[in-house]
Structures are given as structure tokens and as C-alpha cells.
Amino acid sequence: MPADKLFSYDIVATDPATSARAGVFHTAHGDIETPIFMPVGTKATVKGILPSVVEGLGAQIVLANTYHLAMRPGAETLAELGGVHSFMNWHRPILTDSGGFQVFSHGDLVKLTDEGVAFRVDDYDGSHVFWTPERNMDIQQKIGADIVMQLDQCPGYPAERSFVERAVELSSMWADRCFAAHTRPDQALFGIVQGGMHLDLRLRSLRHLEECGDFPGYGIGGYSVGEDHETMFETLAPLASEHMPVHKPRYLMGVGNPTTLVRAVACGVDMFDCVLPTRTGRMGTAFSSTGRMNMRNAKYAHDAGPLDEACTCPVCTGGFTRAYIRHLVTQKEMLGGVLLSMHNIYFLLDLMRRARRAIIEGCYKAFVDDWMASAAAADY
RNA sequence: GGGAGUGUGCCCGAGUGGUUAAUGGGGACGGGCUGUAAACCCGUUGGCUAUGCCUACUAAGGUUCGAAUCCUUACGCUCCCA
């Protein structure tokens, strides 16, 4: 790939009636076509699914997590083994989250200062770690993903405005330091917009990132942390459709609800990741064109149909019945979680593929309307 | 044939005289899961004409103010001796 193409975001089509766009983001391990859903493989594995199968489902890029990989097997080990791609035997693009979300989800175990974040690692070995933005960049560069995220603070919801404001301040400060510390040329560093449900704080956060430097893409963090969907779109819609740089990919972090994806694409969001399809799949939930299905339910015990008649995934077209999948799930057989994870990932990948096609055809508005009128929309 | 032990809700199994419709598990049924502390967590699980009532700890009888708990008999199961 020509050097000037690396990390550029080519917009292939814009929808006339919405803010949706279809594009291509160029990375050192290949292009990714947007809008896109990215399956999550926290510990360098999409739980239960072979990389070749993940690829076969249509995944173009997967996530891994800096915090978890730094704990095990460790950044130095990964560097020694040639980086995360060869380690996990996935040779397409990879994105690592910085661990900012773990700062949020570990709550009381975490102590934040201007300088960085201190963790008590009780989920691994009880040790104490201290991360500065520089240390975090060093780790992510050793892990070697194609896209890396700045260290940030993700406030929950509800939250005092002053708390969110402080999170923006800290995240901005850390963005500067991550930007300065990041040197690996084959790796794209994304800044992250915070600001909770306050548009002015979101814009302040975004403005700071734009002034900080030329980030090749922007994460939108701090959503799906407890607020309802309408509350989220009150600020997400203007942020993404009116204020974010046009020629940079916009990545809505941690969102995997199908209806939210469809609506966010209409606002101009390009990338998503979420544990929802894999976690709920392992726990027995199937996404479908008619809504969520709890495959533990007794009503599926004698159901010889596929999970979703409308689905073309390898599970639905491969002869696996609802009755069989319910059997696997209720008996806690590992194949149940594997099949449901595959199906659910495919569901979101396919949803985004169809969205992309609609955008290119200039009819994304109708796509959204159809989705919102469908049986599934109400259930997601 | 003789002796010892044991019998609790769908199953296993606590409880050996008084807040016991009865601890725990499992199963069954249902719910949740959003930059993965998650192949996990939570709830329900005798019946009803339902702020109460009825039926319940193998069965029948007894002792007691009060019994799953003590006594008698029967039945089932387990082990030991013949």
C-alpha cells in the first residue's frame, strides 16, 4: 500500500437523505469497509471461535484489550512472539482498546490522577499497576494492533456534570500525551471523544482532539453506560452528523444493539464494537430478524427450524435446529455458545453489510425505516 | 430366619420436640447481559375461592400445649449373621 494511503479514510458514498456514509479505511493489514461491526476478542480470541471461522463470517477486523493482554501474557511476551496478529493467528486488522473501559468498569479498584491510572489487579494476581498514557502507548505499540485507542476515562450514567467535565479534562490531557508518545508508523492512534450526555462537553472534547493533532480516526466513548437510547441519541446525533471531521472514521465504542447500530449509521457513525453478540450468545440468546430469542426457553424444545429463517449464516444454513441449539445450551455444552456466537456475530456483520449496500445505493433512509418497522426493532 | 440401620418436596440431601411450607445443592421454568473481572449473574419452584386458608417430611395410630423430630405397628430400602 502507498504510504500516503495508510490510515486514510476514503468515503465511497454518502446517503442523500441521512448522514450515513460508506467508506474504506486503509490499515497495514488490509482495508476495512465501513460501516462495520467489529467482534470483540478481549484476550486475543473471539471466545470459542476459530480465527478462520471469524473470517468466514465476514469479520474484517477484531478487537483485543490492552489491559487484559498486558496482564496475560504481557506486552513483552507478545512483542517477543512477533505481535498480536501472529500470536492469535489472525492476519487481518486488529484494534486494541486502551483499557480505558476497565478504568470505568473496575470502579473502586481504580485510582485516577492527572498523571495516570492506578489499578489493583484483583482479577489476575492482586498486584498493583500504574499506567501513564506513555506507558499505555508503549504497551499498545508492543502488542502491535493496527488501530490503538488513547487512554481515556469513561464516566458512567447518571453522573454529575462536574464528574463528566473532569473526565473530559483528564481524557484530553491524556490524548495529548498519547499522541506525543505514539511513534509506531504502521499503527493508527484514535482519540476518544467523551462528555457524557452533555453536547457542549462533547464538543469541547472533540475540539481539543482536533487541536491536539491529526488523529486518523475518532472514538466516541461514554455511551451505553446506563442511559436509555433516546438520551444517547440526543447528543450522539448532532455530534456525529454535524460536528465530527468528515474524512475521518467515527467509532462508537461498545455499542452492539442492532437498532442502535442502524440509527447510529444514519447519524454518520462508521465503526462499532460490542461484546453483546458473543456474550449473550454464550449465555443462550440468539439475535434474529424477529427480535431476541432466549434459546433456553422450553418453547424451542421441539422446534426443528433454523434459528432465523431469514439468516444466511453457517449455523442457520448448516442444519442446526432450534431444538438442537436449545439442547446444547440447556446442557451447557460448549458448542451451544459457539454456534450462537457465530450466528450473532454474523447477524451484526450482515446488518452492516446490508447497510453499506443501501448507502451506496442511496436508499439508507428506507433501510432505516424498514428496520424500525420490523418486528426486531422493538425488541432491541 | 436373626440383628443393625434407614425412609424429608421432581432428585440428592440438612434439620432429632417450639418464628418450619421446611437450610443447601441439582434439575425445571423465567429474566438479564452493550470499548468482556461474564460459557456468567438474578428470580421462581406444594395447592387454593390467596393481607388468609388447606395439605405436607413412607402409612396408620399414640405421647405432648406443640411432632419431620419421641413411642407402637405395618410397609419399603441398605448392611451384617445364618
Side-chain angles (χ1 to χ4, degrees), chain A residues 37-49 61-69 71-72 95-110 119-126 140 145 147-157 171 190-194 217-229 232 251-261 264 269 271-287 292-301 326 328-341 344 348 379-380:
Chain A
F37 175 76
M38 306 182 283
V40 178
T42 303
K43 298 182 182 180
T45 168
V46 179
K47 295 187 193 302
I49 312 183
I61 172 171
V62 299
L63 252 72
N65 184 276
T66 302
Y67 167 69
H68 291 287
L69 292 182
M71 296 316 304
R72 301 283 189 280
L95 181 154
T96 44
D97 182 34
S98 63
F101 187 74
Q102 281 63 42
V103 173
F104 161 63
S105 67
H106 281 66
D108 295 342
L109 304 173
V110 170
F119 269 81
R120 183 161 57 80
V121 186
D122 82 334
D123 45 336
Y124 284 96
D125 56 9
Q140 293 204 67
I147 301 173
V148 302
M149 305 305 295
Q150 72 153 100
L151 189 64
D152 70 331
Q153 187 198 347
C154 174
Y157 182 88
S171 298
F190 282 22
I192 300 178
V193 179
Q194 287 292 348
Y218 293 89
I220 303 169
Y223 284 118
S224 269
V225 288
E227 80 283 10
D228 61 48
H229 294 165
M232 168 177 167
Y251 159 32
L252 179 58
M253 306 179 74
V255 170
N257 182 292
T259 295
T260 311
L261 259 60
V269 174
M271 302 163 66
F272 306 87
D273 82 283
C274 195
V275 304
L276 203 60
T278 44
R279 180 185 289 170
T280 62
R282 285 197 308 285
M283 315 302 185
T285 297
F287 289 176
R292 290 191 193 207
M293 299 162 67
N294 184 339
M295 295 312 296
R296 292 184 303 255
N297 289 173
K299 63 184 173 187
Y300 300 120
R326 174 186 131 87
L328 295 175
V329 170
T330 59
Q331 297 312 301
K332 297 182 164 55
E333 281 292 334
M334 60 206 287
L335 184 60
V338 171
L339 294 177
L340 286 173
S341 293
N344 287 347
L348 294 182
D379 205 28
Y380 288 114

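Values below: every heavy atom of this structure, side chains too, minus hydrogens, waters and symmetry copies. Naming: A, B, ... by sequence-line order, numbering from 1 per chain.
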> Is the backbone N or O of A/Val255 less than 3.5 Å from a side-chain atom of A/Ser224, with the two atoms forming a donor-acceptor pair by type?
Replying inline: no
> If the C1' atom of B/A22 is compared with that of B/A82, how far apart are they to the nearest Å?
Replying inline: 43 Å
> So, for A/Pro155 and A/Gln194, which heavy atoms are closest and what is the spacing to 0.1 Å?
Replying inline: CD-OE1, 3.4 Å
> Rounded to the nearest 0.5 Å, how far does CG of A/Leu339 lie from CZ of A/Arg282?
Replying inline: 14.0 Å
> With a non-hydrogen cut-off below 4.0 angstrom, is A/Arg72 in contact with a base, only sugar-phosphate, or nothing?
Replying inline: nothing
> Distance between the P atoms of B/A74 and B/U55, in whole angstroms?
Replying inline: 29 Å
>> Show, in sequence, the C-alpha distance, side-chain angles and deciding distance for A/Met295 and A/Thr285, and conclude whether the side-chain contact (heavy atoms from CB on, under 4.5 Å) test is met.
In response: CA-CA 6 Å; A/Met295 295 312 296; A/Thr285 297; over 6 Å; no
> Cut-off 3.5 Å, side chains only: do A/Thr96 and A/Gln140 have a donor facing an acceptor?
Replying inline: yes
> B/A14 and B/G9: how far apart are their P atoms, nearest whole angstrom?
Replying inline: 13 Å
> Using a cut-off of 4.0 Å on non-hydrogen atoms, how would the nucleic acid contact of A/Leu109 be classed: base, sugar-phosphate, or nothing?
Replying inline: base
> Reckon A/Leu95 touches a base, only the sugar-phosphate, or nothing at all at heavy-atom distances under 4.0 Å?
Replying inline: nothing
>> One pair to check against side-chain contact (heavy atoms from CB on, under 4.5 Å): A/Leu95 and A/Met149. What are the steps and the verdict?
In response: CA-CA 8 Å; A/Leu95 181 154; A/Met149 305 305 295; 3.9 Å; yes
>> What contact category does A/Gly256 fall into here, base, sugar-phosphate, or nothing, at under 4.0 angstrom with non-hydrogen atoms?
In response: base
> Are the aromatic ring centres of A/Tyr157 and A/Tyr223 under 6.0 angstrom apart?
Replying inline: no
> Across the strands shown, which category fits A/Asp152 at heavy-atom distances under 4.0 angstrom: base, sugar-phosphate, nothing?
Replying inline: base
> Which whole number of Å gives the distance between the C1' atom of B/A4 and that of B/C48?
Replying inline: 44 Å
>> Reading RNA chain B in the 5' to 3' direction, which nucleotide is the first one with an atom under 4.0 Å from a heavy atom of chain A, and which is the last?
In response: B/A28 to B/C40
> Is A/Gln194 touching bases, backbone alone, or none of the nucleic acid, heavy atoms closer than 4.0 Å?
Replying inline: base
> Taking the same atom, C1', in B/C29 and in B/G46, what whole-Å distance lies between them?
Replying inline: 16 Å
>> Between B/C33 and B/G25, how far apart are the two P atoms, rounded to whole Å?
In response: 25 Å
>> Pair A/Thr260, A/His229 - check side-chain contact (heavy atoms from CB on, under 4.5 Å), show working.
In response: CA-CA 7 Å; A/Thr260 311; A/His229 294 165; 3.8 Å; yes
> Which ranges of RNA chain B pair up as stems, where a stem means three or more consecutive Watson-Crick or G-U pairs with both distances under 3.5 Å?
Replying inline: B:1-7 with B:75-81, B:10-12 with B:24-26, B:27-32 with B:40-45, B:46-48 with B:52-54, B:58-62 with B:70-74
> Can you name the ring pair (Phe, Tyr, Trp, His ring centres under 6.0 Å) partners of A/Phe119, sequence neighbours left out?
Replying inline: A/Tyr67, A/His106, A/Trp131
> Using the C1' atom in both, what is the distance from B/G24 to B/U45, to the nearest Å?
Replying inline: 15 Å
>> Quick check: on RNA chain B, is the nucleotide nearest A/Asn297 upstream (toward 5') of the one nearest A/Cys274, or the reverse? Name the residue that is more 5'.
In response: A/Asn297
>> Using the C1' atom as the point on both nucleotides, what is the distance between B/U51 and B/C65, in whole Å?
In response: 28 Å
> Which part of the nucleic acid, if any, lies within reach of A/Thr330 when heavy atoms closer than 4.0 Å are counted: base, sugar-phosphate only, or nothing?
Replying inline: nothing
>> Quick check: on RNA chain B, is the nucleotide nearest A/Thr285 upstream (toward 5') of the one nearest A/Thr278, or the reverse? Name the residue that is more 5'.
In response: A/Thr285
> For the residue pair A/Ala286 and A/Leu340, what are the closest heavy atoms and their distance?
Replying inline: CB-CD2, 3.6 Å
